[in-house]
Amino acid sequence: MSNNDAPNARRTALVVVSHHRPDSLTAHIGNRTVRQLESEGYAVDLLDLNAEGYDPRMTVADQPDWGDRDKVYSADTEAQMRRILAADIVVVAFPVYWMGPPALLKGWIDRVWNYGFAYGRSKPRLAGKRILWLALAGATADDDIVPAMTEALDAQLSAGIAYYCGFSDSRVGLLPDAEERPQRLDAEGNLSIGDAIAGDAKAAHFLEFEAKAAGFVEEFLASDRVPA
Ligand SMILES: Cc1cc2nc3c(=O)[nH]c(=O)nc-3n(C[C@H](O)[C@H](O)[C@H](O)COP(=O)(O)O)c2cc1C
């Protein structure tokens, strides 16, 4: 039974932050998301992978055994699994690296979203959960790469991972313009780095950025609300 099924139960969220710098924009967006979810009444578990010293390297203990879907994985992985199980919804904040998640986050998925737990059963244990991927990208919003980036992230994270693991809803909130020095790839493939924005323009830029992230979260939460 999920938390949602119990009358008056407090809904639960797992917020995963994948960044190596606590002062990064990614961490900032992750922390804001925690506050936003709490103000919506969620009990939030913040999993800051870097702060918790998460090791993304696959290990023998966490490698699937295709002959045993009831394999008991490493203690760390089993503990991570319990954190996912306890959550009605999952929100992940990460920087886009090469059109995909950074290695830290990818390794967490590889090791924890494992055979017998996340997939490989007629009813996966993650079935019915919902997930939002907040993907911060250095590209500017008007960069020609943005539609392809959105498609690539959606194919990998939603179709390839979340729906494969039984999530009932997975959406990618792409947040371009994550850099204060705009990055653009020109027709010849050169990366041009623009001037850093500063002062009021910078404050306005990041306010808009935060509002966009908050909007993705709001939309995600609203889509689960049953109309009165
Ligand atoms: C290894 C690496 C790969 C990157 N790949 C992409 C990319 O494919 N597309 C993109 O828009 N930005 C890319 N970026 C830029 C990051 O997405 C951007 O720096 C980050 O989202 C900024 O947020 P932060 O300050 O929290 O790190 C890349 C950056 C690094 C370091």
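Start at 1 and go down the list; that is how both ligands and their atoms are numbered.
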Under a 3.5 Å cutoff, is there a donor and acceptor pairing between the side chains of [X] and [Y]?
X: R130; Y: S223; answer: yes
X: D62; Y: T77; answer: yes
X: Y42; Y: R11; answer: yes

Handout entry: Pick from L136, I29, V96: the one approaching atom 21 (O) of ligand 1 most closely through a non-hydrogen atom
Key = L136
Problem - Options H19, M149, E179, ranked by nearest heavy atom to atom 9 (N) of ligand 1, top entry - result: M149
Among all protein non-hydrogen atoms, which one is nearest to [atom], and what is the separation to 0.1 Å?
atom: atom 8 (O) of ligand 1; result: M99 N, 2.9 Å
atom: atom 12 (N) of ligand 1; result: G138 N, 3.2 Å
atom: atom 31 (C) of ligand 1; result: Y97 CE2, 3.6 Å
atom: atom 5 (N) of ligand 1; result: W98 N, 2.8 Å
atom: atom 26 (O) of ligand 1; result: T26 OG1, 2.7 Å
atom: atom 20 (C) of ligand 1; result: P95 CB, 3.8 Å
atom: atom 11 (O) of ligand 1; result: A139 N, 3.0 Å

Handout entry: Atoms of ligand 1, numbered as shown, that sit under 4.0 Å from any heavy atom of A178
Key = 21 (O), 22 (C)
Completion exercise
Heavy-atom nearest pair, P95 first then S18, reads CD-O, 3.1 Å
Taking only Lys NZ, Arg NE, NH1 and NH2, and the carboxylate oxygens of Asp or Glu, determine whether [X] and [Y] approach each other closer than 4.0 Å.
X: R82; Y: D45; value: no
X: R83; Y: E78; value: no
X: K202; Y: D200; value: no

